[in-house]
Each structure stands twice: as C-alpha cells, then as structure tokens.
Amino acid sequence: MTARIIDGKATAASLREDVAAAVARLKSEHGITPGLAVVLVGEDPASAVYVRNKGRQTVEAGMNSYEHKLDAGTSQDELLDLVAKLNADPAVNGILVQLPLPGHIDTSAVIATIDPAKDVDGFHVVNAGRLATGLPALVPCTPVGCVILARQVHSDLSGMEAVVVGRSNIVGKPVAQLLLNENCTVTIAHSRTRDLPEVCRRADLLIAAVGRPEMIRGDWIRPGATVIDVGINRIPTDEGKTRLVGDVAFDEAVEVAGAITPVPGGVGPMTIACLLRSTVEATRRQNGLEPV
Ligand code: NDP
C-alpha cells in the first residue's frame, strides 16, 4: 500500500480563501484593510521569487502589499531605520524581513527591532517566548503549516509520538512547541543525535526540517506513520537541469508511510497562506478585535 499524499497546494488554496473572506469582513464591518510590508535586501534569486509570490498573494487576498527592495550594500542602520518607520506606520499591520540577510547585517538585531505586534514571521523573542509559555503569539508560518497538514490526517494529534528532525529557530523549535501544545510526545533530533534512524522509527508523526536532500530513508520510517517534509533542496539532474527534493527520500518513504507531503506541493505552499493568516490575526489584535 502506498501512502496518502497530503495535498499542501489544495489546503493552502482553501486557507487563502478563508483569509480573503476574513479580510472582506474586516473591510465591510470595520473599514480596515490589512497591510503587509515585505523587505528584501539584495539579489538572492530564491528570496526574490518568495517576495514576489508573497506580494501577489497578499493582494489577491484583498490586503495591501508594500514591497521594499533594498540593494545588497544597504547598511544595518539603514535597514533598522526602515523597520522603525514600518513599526510606526499605521497602514502596516505586518512586517516581514526576508531572510537570509547579507552577511554584514546582524539578523537578530533586525528581528529584535520589529514591533512584536507586527512580527508576522513570529521570529521576535517576545513571540517565541509567548509561544513557549502558552500565551497568544504570532507563530512562525512554516511550522503552523506543518501542523495544519498533520491535522488533515489526524484530527486529534494528542498522545502521538512526534519526532522533529532539525532544531532551527524558524522551523524545528517552533514546530516542536506547537506539537507539544497539541499534546504530542515530542522528540527533537539534530546533527548530534545518536542513531537518528532509530529515533525516527519511533515516530507516529515525523517532521523533517534538516536541509539535506533525501537524507531520511524509507527504512527510517515506521510503517503507517505520517511524514511532513519541510525540506526544499535543489539538486542537479542527469539532464544538466535542477529539481526540488525534500529531506525525505520520497520514493522509498511513500511505500512505508501512511501519509506524506510531497516536495514541491506539500509544506511549501502553506507558508505564504499562513503568513497571510498571521497578517489578519495581527491586524485584528492591533485593532482590539477577537481572533477569527
Ligand atoms: P537550518 O539549517 O537552520 O537547520 C537545520 C537543522 O537540521 C539543524 O538543527 C541541524 O542540526 C539539523 N541537521 C543538519 N544535518 C543533520 C543531520 N545530518 N542529522 C540530523 N540533523 C541534522 O535549516 P532550516 O530549519 O532553516 O530549514 C530546514 C529545511 O527546511 C531546509 O531545506 C529549508 O530549505 C526548508 N525550509 C522550507 C520552508 C518552506 O516554506 N517549506 C521554510 C523554511 C525552511 P544542528 O542544530 O545540530 O546543526
């Protein structure tokens, strides 16, 4: 039996429809149009594509999109000044600074400058701390997308053995925190984990956020497990082109898992949809409205 393929593209499309409906209500009932500012520093091609897609989908959801493209030589002070201006701008409800930033800029200083109420990426320590202590928070978008996809398969994640491979601040740690909030028993694995295949085999729910193409093999997966593959890795093909693969060896895993996300078309499309949802949440909170 091959695994059920979890359709992130369709789930993201339906989430974007919900967001568009929530935006329409904000406009008609309160006269508010949410605004999302995205800041891109430099010419990184992958980042430029993300920023373009974010802008397009923001507008499609009925919100205002403000794109700030700065050249690679922009100084840290110039970037911090722009963030401060966006913090003070009432038309801007969400601020996202596209990572990675050029090497001469201290990423944590930039994130620390974003108003936590507008931090729709959820990277500010205030939001990380609020998530960790169970307070309402703006939560990183990719981890939220992972949990939504897992819940397509299991309406209740309570009691499941979840293994998260990767402990970054933007994916691994927040996804582990969200799964803990869902009452999973959570193991966080990383590059120093002993016998990673054996740890992965414990998982009813396996989240791969490593950044190593097809590292997780079919025989690392417990039969019937749900696998969420966050990895986006570009590898060369025999024809001299490139293609995207995840952190999981999909062709092997699909024979063992109960359900699995593909790459592309799994977690990837969820990230922007969750970003749009966060922008609506942030706008509602800034205006003293209940969350939707
Ligand atoms: P990071 O490089 O920040 O973190 C990778 C994590 O994987 C680290 O915790 C590292 O461990 C761990 N790791 C690395 N090698 C191994 C190994 N051999 N065995 C076990 N663990 C290992 O990556 P990100 O969290 O930012 O991203 C992870 C992946 O997700 C990437 O492919 C990225 O492209 C993708 N991504 C996808 C998004 C989407 O929208 N779908 C959004 C964000 C990321 P240690 O801490 O010990 O070094």
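Both counts, for ligands and for their atoms, begin at 1 and track the order of listing.
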Would you mind listing each N/O atom of ligand 1 next to any protein N/O under 3.5 Å, plus the distance?
{"residue": "ligand 1", "atom": "9 (O)", "partner": "Arg167", "partner atom": "N", "Å": "2.8"}
{"residue": "ligand 1", "atom": "11 (O)", "partner": "Ser191", "partner atom": "N", "Å": "3.3"}
{"residue": "ligand 1", "atom": "15 (N)", "partner": "Arg212", "partner atom": "NE", "Å": "2.7"}
{"residue": "ligand 1", "atom": "21 (N)", "partner": "Ser191", "partner atom": "N", "Å": "3.3"}
{"residue": "ligand 1", "atom": "25 (O)", "partner": "Ser168", "partner atom": "OG", "Å": "2.5"}
{"residue": "ligand 1", "atom": "32 (O)", "partner": "Ile232", "partner atom": "N", "Å": "3.1"}
{"residue": "ligand 1", "atom": "34 (O)", "partner": "Ile232", "partner atom": "O", "Å": "3.4"}
{"residue": "ligand 1", "atom": "40 (O)", "partner": "Thr271", "partner atom": "OG1", "Å": "2.8"}
{"residue": "ligand 1", "atom": "46 (O)", "partner": "Arg167", "partner atom": "NE", "Å": "2.8"}
{"residue": "ligand 1", "atom": "47 (O)", "partner": "Arg167", "partner atom": "NE", "Å": "3.3"}
{"residue": "ligand 1", "atom": "47 (O)", "partner": "Arg167", "partner atom": "NH2", "Å": "2.8"}
{"residue": "ligand 1", "atom": "47 (O)", "partner": "Ser191", "partner atom": "N", "Å": "3.2"}
{"residue": "ligand 1", "atom": "47 (O)", "partner": "Ser191", "partner atom": "OG", "Å": "2.5"}

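For the pair Arg151 and Glu182, the salt-bridge criterion is met [side-chain N within less than 4.0 Å of a carboxylate O]. Arg56 has a carboxylate O that lies under 4.0 Å from a charged side-chain N of Glu60, or vice versa, which qualifies the two as a salt bridge. Looking at Glu198 and Arg201, a side-chain N of the basic residue comes within less than 4.0 Å of a carboxylate O on the acidic one, giving a salt bridge.
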**Item:** Test side-chain hydrogen bond (donor to acceptor under 3.5 Å, both in side chains) applied to Thr242 and Arg234, step by step
**Value:** CA-CA 6 Å; Thr242 61; Arg234 197 167 277 286; 3.0 Å; yes

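With 3.5 Å as the limit, one finds no donor-acceptor pair spanning the side chains of Lys118 and Gln286.
Val110 and Leu40 fall into different hydrophobic clusters, defined by Ile, Leu, Val, Met, Phe, Trp and Tyr side-chain heavy atoms under 4.5 Å apart, directly or through other members.
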